[in-house]
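Written out below as structure tokens is the structure these notes cover.
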Amino acid sequence: MKKIKTVSMLLAYVFILTLLPMGFISQQVEAAQVQSGSNDYSKNYQLLNYHIFNGALYKDTAVLITSNGVYYGKDGQDPKKISETSGNDEYIGSNGSKIYLYSMGNIKSIDIDTLETKIMCVPSNYDLIDGKVDKNGDLWFSIMTYGSGGGEYYIMKMNGNSNKDYSFLRLNNVPAPAYNLSVDNNNNLWFNPGNAYKLGKISTVNNSLQQTIYKSPMQTVPLFSRYKIDNSGNIWVTNNWKIGSGDVTISKLTVNGDSIQVANTYTRDNGVYLPGQLSIDNSGNVWYMGNPYNGDSPSDGCKITACKLEGDKFVPKYRFLNGFYNFTVNDDNHMLAYETQYAVDGYAIVNRNSDEKPVPSSLQTNSTQQGDTVIVTPSNVNNIDADAAVEINPAIPSGTNNVKVDIPVGKIINGIGSAIIHGNDSTIEIPYCALDLANYYSAIYSATLEIGQSVNAGNYRSLLQKTPAGCKSLGKVFSFTIDAVSNGSVVGSIHQFTNGQKVKVTINLTNEDLQGVDTSKLSAFYFDETTGSWVEISGGVYDAATKTYSFYTTHFSNFTLMQTGVTTASSQTGSNSNTSTNAASTSTTTLPKTGSAVDMNALIFAGLAAIVLGTCLLVRRKEKAQ
């Protein structure tokens, strides 16, 4: 009898086990890579005691035309003189490893690889005004001659491999020699015909040069004194003549027949602030050098920024010393910036790998408790570099849900660095250029930013009651805020980020948070105050090794994490909520899922069979006993 009873009890236990949560028996694991959204930068300043008139970048080498000769400077090395100049040599351009100068009535070519110098003779009865090298290595010149009736202006094209192959075109109806020459991808020559409201083009048709003069579509200000032609033949110009009224723009112009039309205009809303020189990189991307924020520079921010057009916004990429308004860009990771003529007598080479990232420094902090909030302040604000990444990892008591980190505005305004702020429950990475501080610059210059992180504050329960059908919340709401505080009063709040930037949010999760959760279906949501509903954020990833979920947001408010794709019966309200509009696309690597291969339905069936068998044995035993 005891044996039968024991067997019956064991079978019943098997059935009970099948009804328990199976998380500790079978666990499915995923791992993913999270892309970084931070701004990386690199800088290497070299000083010369000579004015730099022009420069070119070939691989990792800068070629500088100065008042004391031509200098050759590799990244990280002192520059060396490679050629004497007459003091007024004109830079024509470069093609491959060769650069070209107009020197003492002749053309001088210097090969950067071999440092070989060659002299190319040109006709002696012409004065060369300006020059340019096209994609084929041919040379274009603006020239003039003097006759009894005054000066005559010509365009001369010279074969780069022959001193005897010339083509000439006399310019008609132009008041001055052509200057500001530029060559497009089709080897058409563009120039300013002595009138900033007009732009000329010389094209080669049937082996002859033909002239076309276009009028500016914007006659109120001169536009063609400085311009660039991109790889598609679009004309890019800057308008700095209305700084007083704030109307500072970059315009994209297109050629339509015999006229030029405005295709697009980029303003402050597109990240255009005091634009200086333009540059087109090898891939046709548009850059400008200038001050990326309106208003005066702070006392420690004597720098200007190279900004690149991404989508419809110019995004700050690299910072340089004030005065480096001239620059040439090869690609996102290679550029040369240098002084104008009477600035700082120096240059900077950006030469970095595409996957190179800055190592954030650690910032020491002090923490004080104010009610249920921990206030974190840097112990030495001078250690904050506006152009570098800084990691803030304060000691926060366990169970503290509200944290505020104070950062002086004057230390980060105009910066392209970032702050990585750790809390007990989350980490946020904020690029400084995502914060539009210029809107209330004068009010908060001496103020601080209070960057807050809180969990389950305010009306989080009512927010979680609005969990969408088919979703199961993990039970937490995360709120992030940025307030500008001056003299104890909030003078402005930042919710929406600017310059096309996103803030990275990483949520720390526990085993309790993840109990019964299919992490492959985990997603972040933000609460839309306008519609009163949660909106899913695509692109987030879960990292099983660290038990964290990361996503990107273009604004701050309330966020939560939910499992999607669940039945209504299994949906439940929890307490996690995160706000972010657009997540950056990320590449994920999914590891093979591991765990028990036992089918749960089979276990349930076995348990039921065990109870039925046990009951039958007990009944039969009782009948025999009677």
Side-chain angles (χ1 to χ4, degrees), residues 36-43 45 291-293 295-305 315-322 348 357-368 374-396 403-423 426-453 480-488 490-494 497-499 501-506 556:
S36 172
S38 63
N39 272 326
D40 302 336
Y41 64 97
S42 174
K43 51 192 176 183
Y45 299 127
N291 187 343
Y293 297 97
D296 298 330
S297 297
S299 58
D300 62 343
C302 296
K303 299 174 183 176
I304 57 175
T305 305
V315 179
K317 292 292 184 180
Y318 295 90
R319 296 292 299 279
F320 301 101
L321 289 176
N322 191 23
K357 300 186 184 304
V359 177
S361 61
S362 182
L363 187 65
Q364 298 299 315
T365 59
N366 298 318
S367 300
T368 57
V374 171
I375 306 297
V376 179
T377 57
S379 57
N380 186 355
V381 297
N382 291 327
N383 289 341
I384 300 177
D385 184 351
D387 293 340
V390 63
E391 198 159 12
I392 303 174
N393 195 3
I396 304 173
V403 179
K404 288 186 177 180
V405 177
D406 289 346
I407 298 180
V409 170
K411 294 299 298 182
I412 64 173
I413 191 170
N414 290 352
I416 61 171
S418 62
I420 305 170
I421 303 174
H422 297 273
S426 60
T427 297
I428 52 178
E429 183 175 346
I430 304 176
Y432 298 142
C433 59
L435 308 177
D436 190 1
L437 303 178
N439 283 337
Y440 31 81
Y441 176 84
S442 60
I444 65 171
Y445 176 70
S446 60
T448 61
L449 289 184
E450 285 189 353
I451 304 173
Q453 304 183 49
F480 304 101
T481 59
I482 301 179
D483 293 324
V485 178
S486 179
N487 297 323
V490 176
V491 295
S493 296
I494 299 175
F497 305 130
T498 188
N499 294 324
Q501 296 295 310
K502 298 181 178 68
V503 169
K504 180 182 176 181
V505 178
T506 300
F556 270 169

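For this chain, numbers begin at 1 and follow the sequence in order. Just so it is clear, the values below take in all heavy atoms, side chains as well, and ignore hydrogens, waters and symmetry mates.
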(message) To the closest 0.5 Å, what do you measure between CD (Glu429) and NZ (Lys502)?
(response) 13.5 Å
(message) Nearest 0.5 Å, please: how far is NZ in Lys411 from CG in Asn383?
(response) 8.5 Å
(message) List the residues meeting side-chain hydrogen bond (donor to acceptor under 3.5 Å, both in side chains) with Gln364, not counting sequence neighbours, and say none if there are none.
(response) none
(request) With the side chain counted from C-beta on, respond yes when Tyr318 and Thr305 share a heavy-atom pair under 4.5 Å apart, and no when they do not. (result) no
(message) Quick check for you: to the nearest 0.5 Å, what is the distance between Thr481 atom OG1 and Lys404 atom NZ?
(response) 6.0 Å
(request) Work out which heavy atom in Cys433 is nearest to a heavy atom in Thr498; give both atom names and the distance. (result) O-CG2, 3.6 Å
(request) Could I get the full list of side-chain contact (heavy atoms from CB on, under 4.5 Å) partners for Asn366, not counting sequence neighbours? (result) Thr377, Ser379
(request) Determine the minimum heavy-atom distance between Pro431 and Val503, stating which atoms define it. (result) CD-CG2, 4.2 Å
(message) Is the shortest side-chain heavy-atom distance between Phe497 and Ile482 below 4.5 Å?
(response) yes
(request) Please examine the side chains of Val403 and Ile421, heavy atoms only from C-beta on, and report whether any two atoms are closer than 4.5 Å. (result) no
(message) Holding to side-chain contact (heavy atoms from CB on, under 4.5 Å), I want the full list of residues that pass it with Asn487, two or more places apart in sequence or in another chain.
(response) none
(request) Report the residues that fulfil side-chain contact (heavy atoms from CB on, under 4.5 Å) with Ser367, sequence neighbours left out, ordered by chain and then residue number. (result) Val374, Val376, Pro394
(message) Using the side-chain contact (heavy atoms from CB on, under 4.5 Å) criterion, which residues pair with Pro378? Sequence neighbours excluded.
(response) Leu363, Val381, Ile384
(request) With rounding to the nearest 0.5 Å, note down the distance linking CD1 in Ile416 to CG in Asp385. (result) 9.5 Å
(request) Could you tell me the separation between the CZ atom of Phe480 and the CD1 atom of Ile430, rounded to the nearest 0.5 Å? (result) 9.5 Å
(request) With Ile392 as reference, evaluate Ile451, Ile428, Thr427, Ile407 under the side chain to side chain contact (heavy atoms under 4.5 Å, CB included) test and give the passing residue. (result) Ile407
(message) How long is the straight-line distance from CD of Glu450 back to CD1 of Ile375, given to the nearest 0.5 Å?
(response) 6.0 Å
(request) Could I get the full list of side-chain hydrogen bond (donor to acceptor under 3.5 Å, both in side chains) partners for Asp406, not counting sequence neighbours? (result) none
(message) Please give me the minimum heavy-atom distance between Gln453 and Ser426, naming the atom from each residue.
(response) OE1-OG, 2.6 Å
